[in-house]
Asker: 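Structure in structure tokens, see below.
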Amino acid sequence: MFRQAKGKTPRRPPPKKPSNNQKDPVGVYCRVRPLGAEDVECCIEVISNTTIQLHAPDGLKANRNGEFKETQYSFKKVFGIKTTQGELFEDVAKPLVEDIIHCKNGLLFTYGVTGSGKTYTMTGSPGQGGLLPRSLDMIFNSIGPYQAKRYVFKPDDKNGMEVQNQVDALLDRQKRDSQTTVPKTPTTRRIDPEFADMISPVEACKADGVDEDSSYSVFVSYIEIYNNYIYDLLEETPIDPIKPKWNGAGTPLRNNTEFIPPQSKILREDQNHNMYVAGCTEVEVKSTEEAFEVFWRGQKKRRIANTQLNRESSRSHSVFIIKLAQAPLDADGDNVLQDKNQVNVSQLCLVDLAGSERTSRTRAEGSRLREAGNINQSLMTLRTCIEVLRENQMCGTNKMVPYRDSKVTHLFKNYFDGEGKVRMVVCVNPKADDYEETLLVMRFAEMTQEVEVARPIDRPICGFAAGRRQRNQAFKEELTRRLEERGGPVDGESPTVLNQLLQSFPPLPPCEISGPNDDVTLPRLIEALEKRHKIRHMMIEEYNKTAKMLKSVLQEQDSNLLSKENFIQEQRGKLGEKEKMIQNQKNEIDRLEKKSRMLEYKIDILQKTTNIYEEDKRSLQQELESREHRLQREMSEKRRMETRMQGIVTDSKLKWEKECERRVNAKQLEMQNKLWVKDEKLKQLKAIVTEGKTENRQPQRPSREKDKVPAKRSASPSPVPTGPPVRPLHRRSHSAGGERWVDHKPTTNVDLDTVLQPNIPNAITVNAPNEKALSKCDKYVLTHQEVASDGEIQTKLIKGEVFKTRGGGQAVQFTDIETLKQENPVAASRKRRSSETGPDGEPMEGDWTDVETRCSVALEMRAGSNLGPGYQHHGYPKRRKP
Ligand code: ADP
Ligand code: MG
């Protein structure tokens with residue numbers, strides 16, 4: 001913010017960063033000017049008092065194929081074409097003027113393309129004064145009676161304000177009067193009719209709450225920024241008395257050489273980091289007229305410079321600064337307090353920005369010359385600054401705002417960085433030609449609205465007890481009244497007792513004595529003198545009386561003052577107590593805030609812990625689910641296995657049942673056979689017994705029968721003539737070559753010296769059955785010796801077929817038994833018969849079992865089956881899964 005005096009006013013040093021965190025957005029208003037001519041196409045429509053709508057002109061729409069659509073933009077307020085300057089002032093500038101009177105700074109600028117009405121809005125035209133003359137008028141209307149005498153406030157050269165004593169101020173005034181013989185004093189000059197209209201608005205505004213115990217002074221400066229150079233428009237260029245720069249009417253002389261170009265100024269930062277134009281003229285003005293006259297002077301100078309230097313006025317920014325200095329009155333309420341620390345300065349900057357268009361408009365109306373890239377650098381910087389500010393404020397970033405890149409932004413840096421009220425009037429010309437530029441203006445305006453500026457803090461002037469000016473006035477009036485009551489002198493101007501007395505003073509008669517006999521002159525003189533003497537006495541008395549009365553009034557005042565002071569003291573005490581209370585409450589709030597922060601922290605931690613637990617719970621649940629799945633899978637697998645096993649069990653049960661049945665059948669057959677043999681024997685025996693009776697009848701028959709039986713026996717010598725069932729699937733192929741035999745001769749066999757020895761060609765002789773031999777052969781024979789019932793050794797050749805089992809092993813199925821027997825010739829016939837017919841089946845059975853055991857025959861092999869070990873080949877190496 002711009003508090004120029006604050007460097008010199010440590011009494012109330014405003015903080016660099018405002019202590020209040022209250023912020024207000026930049027107030028953006030939109031003003032739509034009327035169309036110049038009726039036949040011009042319009043591209044703007046005011047929808048409400050806050051919104052406008054932009055329509056793309058027909059030509060553009062057609063060209064860009066619907067790329068542009070209707071867009072709406074909202075502002076704090078939209079002013080339509082019928083808005084008067086007064087209405088605009090009420091809404092936009094009046095609050096800023098009120099602020100400046102209450103020690104707050106303000107910045108108001110107009111923005112828009114050339115011809116959109118920026119200057120019209122800011123300055124106005126005759127009869128329709130703009131924001132600037134109205135602001136000046138309102139200031140002077142408000143502070144008029146409380147203005148300090150000229151030169152009491154005096155700007156120093158460091159953006160500060162000093163207070164001069166009465167004498168110095170008076171001397172300065174006299175000097176000024178003597179220097180300015182005719183012009184320069186606007187009060188003495190006739191107001192230019194050109195702007196007389198502009199500064200006399202009918203609606204005279206006045207700010208409330210003007211501090212009557214302060215003294216005010218207004219200073220104005222007027223600068224122009226062109227091409228990033230700052231020019232002081234109020235600078236007094238040294239006048240060459242021989243070659244005046246312009247004629248009396250203010251029209252510049254044609255000759256360029258006579259024109260002294262203005263010197264550019266630089267920006268400086270004061271000790272409170274406020275920017276100011278170093279060495280810039282600040283003119284103290286005492287009335288609206290005077291202020292506006294100064295403005296007009298600057299305006300003329302600007303016009304001349306533009307013409308002389310061939311500049312384009314639309315590309316320059318003009319800044320009119322109104323500074324208001326205020327300081328409390330002294331205890332008497334007569335003069336400004338001689339303490340420059342008590343001076344407060346606030347300022348209102350009124351800125352008429354350059355045209356925002358990217359294209360340059362030549363002076364020739366209507367013809368536009370596109371100059372790509374000829375963008376007003378200052379406005380570009382302004383846009384960038386606003387963008388960065390907005391980003392910083394919205395995203396919490398801390399990017400550097402490039403204020404220094406242009407003079408305009410640098411000058412107003414503190415409005416955005418510090419505090420103050422910023423308002424912008426966006427001027428728009430609704431004509432379709434301006435559509436594209438207006439679109440850019442709208443976007444910038446919309447963005448600007450999002451920037452916030454710290455609200456200025458209220459800083460009431462605190463001098464002595466309030467109402468000094470009034471109190472003094474009241475005191476004077478009271479004194480006069482009392483004097484009047486007593487008939488005493490009141491003041492020097494009104495006809496008083498004293499005056500009457502003075503007037504009634506008898507004039508002295510002529511004192512010249514005409515001669516020795518003159519006895520008239522002296523007595524007359526004596527009389528007059530006596531009269532005067534009497535009046536003198538009266539006057540002394542009156543004087544004493546008045547003095548006494550005055551004394552009593554003063555004493556009364558004193559006692560009044562005393563009681564008031566006591567009252568003030570009392571109030572101060574109360575204030576102290578309240579402050580203490582506030583402090584206590586603040587401490588309590590602090591404590592509670594701390595506590596709440598602590599609790600929030602705890603909640604945070606608990607929340608985090610809960611999250612962790614929940615995470616754990618989730619993962620455990622997942623694991624549980626997966627395990628359940630696995631369990632179910634395993635269970636179903638088990639069930640499947642069970643059913644399969646049951647299938648296998650029933651399968652094998654069935655098979656064994658069949659096998660058993662088969663064996664039973666075989667046994668039955670065998671038994672039947674034996675029975676048949678016995679029957680046959682019995683028949684033969686019967687025949688022998690009956691032979692004696694029928695000897696001749698059939699002599700050959702027994703032998704025939706005898707032959708028949710052995711024949712039959714040789715044909716089917718097996719006790720099981722049908723033979724065991726053969727599984728053709730597992731039978732070895734006989735077509736592959738001749739039969740090969742495994743000739744099993746146990747070592748325990750005894751050599752019997754028999755003549756007939758079984759000779760098996762192509763046989764592998766083993767003394768214990770082995771897998772290797774079995775695998776190579778398809779026939780098996782076991783030579784078995786045993787003692788027969790008659791005590792003779794009997795040799796049996798037990799034959800069988802070798803099968804491959806399903807398990808990959810070998811099995812032998814016995815098919816035949818040949819019995820070889822030696823016998824004693826004596827008992828031969830009987831014994832032979834008995835052996836041939838075969839003894840009873842019991843020992844045979846026992847032999848069978850014995851033989852089977854000795855052969856270690858593997859009938860069938862299956863893993864996991866319940867077959868006993870005796871049925872398996874010993875040393876069987878490979879076991880395969882079924
Ligand atoms: P800028 O300063 O933006 O280039 P001006 O203020 O010079 O534009 O306005 C251009 C013209 O339009 C001037 O003749 C002005 O009188 C006129 N004008 C602008 N705004 C209005 C308005 N609101 N009402 C009437 N005339 C206007
Ligand atoms: Mg203008």
Side-chain angles (χ1 to χ4, degrees), residues 28-38 40 42-46 49 52 75 77-93 108-134 194-195 197-198 201 222-227 233 295-296 298-303 305-307 311-320 350-368 376 378-379 382 408 424-435 437-438 440-442 444-445:
V28 180
Y29 300 82
C30 178
R31 185 183 207 184
V32 185
R33 62 158 279 191
L35 274 173
E38 276 185 11
V40 176
C42 173
C43 69
I44 287 170
E45 190 187 334
V46 179
N49 61 354
I52 63 161
F75 301 93
K77 196 158 181 185
V78 170
F79 300 98
I81 52 170
K82 292 199 176 123
T83 312
T84 62
Q85 299 279 57
E87 284 162 6
L88 187 83
F89 174 78
E90 276 285 322
D91 278 323
V92 180
L108 172 63
F109 54 95
T110 51
Y111 186 89
V113 297
T114 299
S116 60
K118 296 184 297 296
T119 308
Y120 177 81
T121 298
M122 194 55 88
T123 313
S125 58
Q128 281 145 351
L131 300 177
L132 188 144
R134 282 169 197 271
E194 197 180 348
F195 55 80
D197 256 4
M198 290 163 77
Y222 193 21
I223 58 167
E224 178 181 37
I225 301 174
Y226 186 89
N227 206 14
L233 292 175
F295 167 75
W296 214 247
Q299 193 76 344
K300 271 180 185 164
K301 200 165 176 184
R302 189 180 171 200
R303 237 182 279 159
N306 285 341
T307 321
R311 299 197 310 204
E312 206 184 311
S313 64
S314 70
R315 308 208 64 79
S316 75
H317 316 276
S318 71
V319 185
F320 189 74
L350 302 169
V351 188
D352 185 358
L353 285 175
S356 72
E357 62 276 358
R358 288 168 305 173
T359 48
S360 159
R361 294 168 194 223
T362 54
R363 271 169 220 164
E365 260 276 318
S367 73
R368 279 161 152 216
N376 191 314
S378 305
L379 290 181
L382 180 65
V408 175
M424 175 167 95
V425 182
V426 176
C427 298
V428 280
N429 191 340
K431 71 174 178 187
D433 282 358
D434 277 358
Y435 174 78
E437 296 297 344
T438 305
L440 293 178
V441 171
M442 290 296 140
F444 171 71

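Ligands are counted one by one from 1 in listed order, and the atoms in each one are counted from 1 as well.
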Asker: Under 2.8 Å from the Mg ion (ligand 2), can any N, O or S atom of Y120 be found?
Answerer: no

Asker: For ligand 1, which is the ligand I care about here, please tell me if G115 has any N or O atom under 3.5 Å from one of the ligand's N or O atoms.
Answerer: yes

Asker: Taking only heavy atoms of V113, which atoms of ligand 1 are found under 4.0 Å from at least one of them?
Answerer: 3 (O)

Asker: Decide whether an N or O pair under 3.5 Å exists between Y120 and ligand 1.
Answerer: yes

Asker: Determine whether the aromatic ring centres of residues Y222 and F320 are separated by less than 6.0 angstrom.
Answerer: yes

Asker: Decide whether an N or O pair under 3.5 Å exists between T114 and ligand 1.
Answerer: no

Asker: Among all the protein's heavy atoms, is there at least one whose distance to atom 14 (O) of ligand 1 comes out below 4.0 Å?
Answerer: no

Asker: So, does E357 use its side chain to make a donor-acceptor pair with the main chain of T114 at under 3.5 Å?
Answerer: yes

Asker: Roughly how far apart are N429 CG and D434 CG, rounded to 0.5 Å?
Answerer: 5.0 Å

Asker: Rounded to the nearest 0.5 Å, what separation is found between the CD atom of Q85 and the OG1 atom of T123?
Answerer: 9.5 Å

Asker: Supply the atom-to-atom distance I44 CD1 to K431 NZ, rounded to the nearest 0.5 angstrom.
Answerer: 11.5 Å

Asker: Among protein heavy atoms, which sits nearest to atom 2 (O) of ligand 1, and what does the distance come to when rounded to 0.1 Å?
Answerer: T119 OG1, 2.7 Å

Asker: So, is S116 polar-close to ligand 1, with some N/O to N/O distance under 3.5 Å?
Answerer: yes

Asker: As a test of the contact definition, would atom 10 (C) of ligand 1 count as having a protein heavy-atom neighbour under 4.0 Å?
Answerer: yes

Asker: Whether the side chain of R134 engages the backbone of L88 through a donor-acceptor N/O pair (distance < 3.5 Å, no angle test) should be reported.
Answerer: no

Asker: Going by the closest heavy atom to atom 25 (C) of ligand 1, which one wins out of C427, S356, P34, G117?
Answerer: P34

Asker: OH/Y111 to CG/L382 distance, rounded to the nearest 0.5 angstrom?
Answerer: 6.5 Å

Asker: Among all protein heavy atoms, pick out the one at the shortest distance from atom 12 (O) of ligand 1; state its residue, atom name and that distance to 0.1 Å.
Answerer: R33 NH1, 2.9 Å

Asker: Against E224, only a single residue in Q299, R302, K301 fulfils side chain to side chain donor-acceptor pair (under 3.5 Å); can you say which?
Answerer: R302

